Amino acid sequence: MSVPPDWPTGETEALAEQERLRPQVVTEGPAPDRTPGVLVAGVDVAYDDEKDVVAAAAVLLDYATLEVVEETTAVGPVAFPYLPGLLAFRELPAVTEALRGLTVRPEVVVCDGYGLAHPRRFGLASHLGVLTGLRTIGVAKTPFVFEHREPGPRRGDWSPLLDRGETVGRAVRTREGVKPVFVSVGHRIGLTEAAEITLALAPHYRLPETTRRADSLCRRALAAETAADVQ
DNA sequence: GCGACAG
DNA sequence: ATCTTGTCGC
């Protein structure tokens, strides 16, 4: 994988790019049918900043059975420093490259992070959706800069994720007795549908199976790269 | 101005 | 994100 020649290199440029692409986000749309053969994907990345290496993984799952159908990875140089609010510029070159390796287009891509729940309403899930045209949702592990009440105790209970009173996502309880996850719209989907998908993909654990599989795969890809290379 | 701040 | 084994508990 290589970083696109026109990829932003600094904060000012990145902010302008978010401003330019944000109007293209579509904030409504359906959840896929849960019938065998419908495919969903999970993407995630792992880093070795010392060696300037990022490894991305894309994993295709059957939405109805959660069986893994296909896995791809992409390894390359880190494209951008980590700056809160600009995470997409760090992760997306590797993620889009990994997605290109899939032989089938998924109905939905589940991202590790946020979509509309973002200071400028353009987190990495929305950004990925606009760049690829794919339907995307964001499922994050921490509330970032937003507020929320503690959701009810049972699986499926939720509360709004708020940015100064505006709803930007949901804190969703995927498992009893465990902290909620934070769901937001990425692209071409509604918030209720995004939450529905998240619950369907997390029948046993806190995080969606898509995220769990992609997380473990990108770590393995990074370890393999870090051990083998020297190029 | 400084700190907090998805991963 | 990353540093990281066993261990307490359902």
Side-chain angles (χ1 to χ4, degrees), chain A residues 3 8 11 14-15 18 22 25 42-59 73-96 98 109-130 136-148 153-155 161-164 167-187 191 194 198 203-208 210-223 225-227:
Chain A
V3 179
E11 185 170 9
L15 290 169
Q18 289 186 332
R22 176 178 55 181
V25 178
V43 292
D44 196 15
V45 300
Y47 303 97
D48 186 325
D49 284 283
E50 289 296 299
K51 298 187 175 181
D52 188 47
V53 174
V54 54
V59 179
T73 60
V75 177
V78 176
F80 206 83
Y82 172 67
L83 297 175
L86 298 177
L87 184 62
F89 297 95
R90 183 168 168 79
E91 307 206 331
L92 291 193
V95 167
T96 53
V109 180
V110 181
C111 298
D112 196 2
Y114 284 113
L116 285 189
H118 178 274
R120 294 169 294 281
R121 305 290 177 268
F122 198 66
L124 80 168
S126 298
H127 198 147
L128 177 65
V130 167
T136 61
I137 71 173
V139 180
K141 298 181 287 295
T142 69
F144 197 17
V145 296
F146 309 110
E147 305 87 48
H148 68 94
R154 300 186 309 153
R155 170 179 153 79
L161 186 64
L162 305 168
D163 183 3
R164 295 163 303 170
T167 295
V168 294
R170 284 184 187 178
V172 178
R173 185 91 61 195
T174 53
R175 215 193 147 169
E176 198 170 313
V178 175
K179 292 190 304 181
V181 294
F182 303 89
V183 179
S184 59
V185 167
H187 184 52
L191 181 53
T198 300
H204 301 310
Y205 298 97
R206 178 188 179 222
L207 296 176
T210 38
T211 299
R212 301 182 68 246
R213 313 303 292 226
D215 179 75
S216 98
L217 180 57
C218 69
R219 287 184 202 232
R220 273 179 279 145
L222 181 67
E225 179 70 16
T226 299

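Order of the sequence lines fixes the chain letters, A, B, ..., with proteins taken first and strands second; residue numbering starts at 1 for each chain. Model, not experiment: these values are computed from the prediction. FYI, side chains are in, hydrogens and waters are out, and symmetry mates aren't considered; it's all heavy atoms of this structure.
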Subject >> Contacting residues from residues 175-187 of chain A, given that a heavy atom lies under 4.0 angstrom of DNA chain B >> reply: none
Original post:
Is any side-chain heavy atom of A:L92 closer than 4.5 Å to a side-chain heavy atom of A:L128?
Top reply: yes
Original post:
Thinking salt bridges, do A:R212 and A:D44 make one under a 4.0 Å N-O criterion?
Top reply: no
**OP:** Spell out, as yes or no, whether a donor-acceptor pair under 3.5 Å connects the side chain of A:R121 to the backbone of A:H118.
**Re:** yes
Subject >> Check: A:K141 and A:R206 side chains under 4.5 Å, non-hydrogen atoms >> reply: yes
**OP:** Have a look at A:I137 and tell me which of A:T210, A:T198, A:L191 forms a side-chain contact (heavy atoms from CB on, under 4.5 Å) with it.
**Re:** A:T198
**OP:** Would you sketch DNA chain C in dot-bracket for me? Only Watson-Crick or G-U wobble pairs with both distances under 3.5 Å count, crossing pairs as [ ], other-strand pairs as |, the rest as dots.
**Re:** ..........
Original post:
Quick one: what's the B/S/- string for nucleotides 2-7 of chain B, heavy-atom cutoff under 4.0 Å, read 5' to 3'?
Top reply: ---BBB
Subject >> Within-4.5 Å side-chain heavy-atom neighbours: A:V54 and A:P77 >> reply: no
Original post:
With a cut-off of under 6.0 Å to the ring centre and 45° to the axis, is A:R90 in cation-pi contact with A:Y47?
Top reply: yes
Original post:
Can you find a pair of side-chain heavy atoms, one from A:P119 and one from A:F144, that are under 4.5 Å apart?
Top reply: yes
Original post:
Heavy atoms, side chains only, cut-off 4.5 Å: are A:S126 and A:L116 in contact?
Top reply: yes
Subject >> A:V139 vs A:Y114 side-chain heavy atoms within contact, under 4.5 Å >> reply: no
**OP:** Please work out which of the three classes, parallel, tilted or perpendicular, describes the rings of A:H127 and A:F89, given edges at 30° and 60°.
**Re:** perpendicular
Original post:
Pairs counted as Watson-Crick or G-U wobble with both distances under 3.5 Å: what dot-bracket string results for DNA chain B, using | for bases tied to another strand?
Top reply: .......
**OP:** Using a 4.5 Å cut-off on heavy atoms from C-beta on, say whether the side chain of A:L162 contacts that of A:H148.
**Re:** no
Original post:
Quick one: side-chain hydrogen bond (donor to acceptor under 3.5 Å, both in side chains) pairs with a partner in residues 171-186 of chain A, sequence neighbours left out?
Top reply: A:E150-A:R173
Original post:
Is there side-chain contact between A:T167 and A:L161, with at least one heavy-atom pair below 4.5 Å?
Top reply: no
**OP:** List the protein contact pattern of nucleotides 3-10 of chain C with one symbol per nucleotide (5' to 3'): B for base contact, S for sugar-phosphate-only contact, - for none; contact means a heavy-atom distance under 4.0 Å.
**Re:** --------
Original post:
Can A:E91 and A:Y82 be counted as having a side-chain donor-acceptor contact under 3.5 angstrom?
Top reply: no
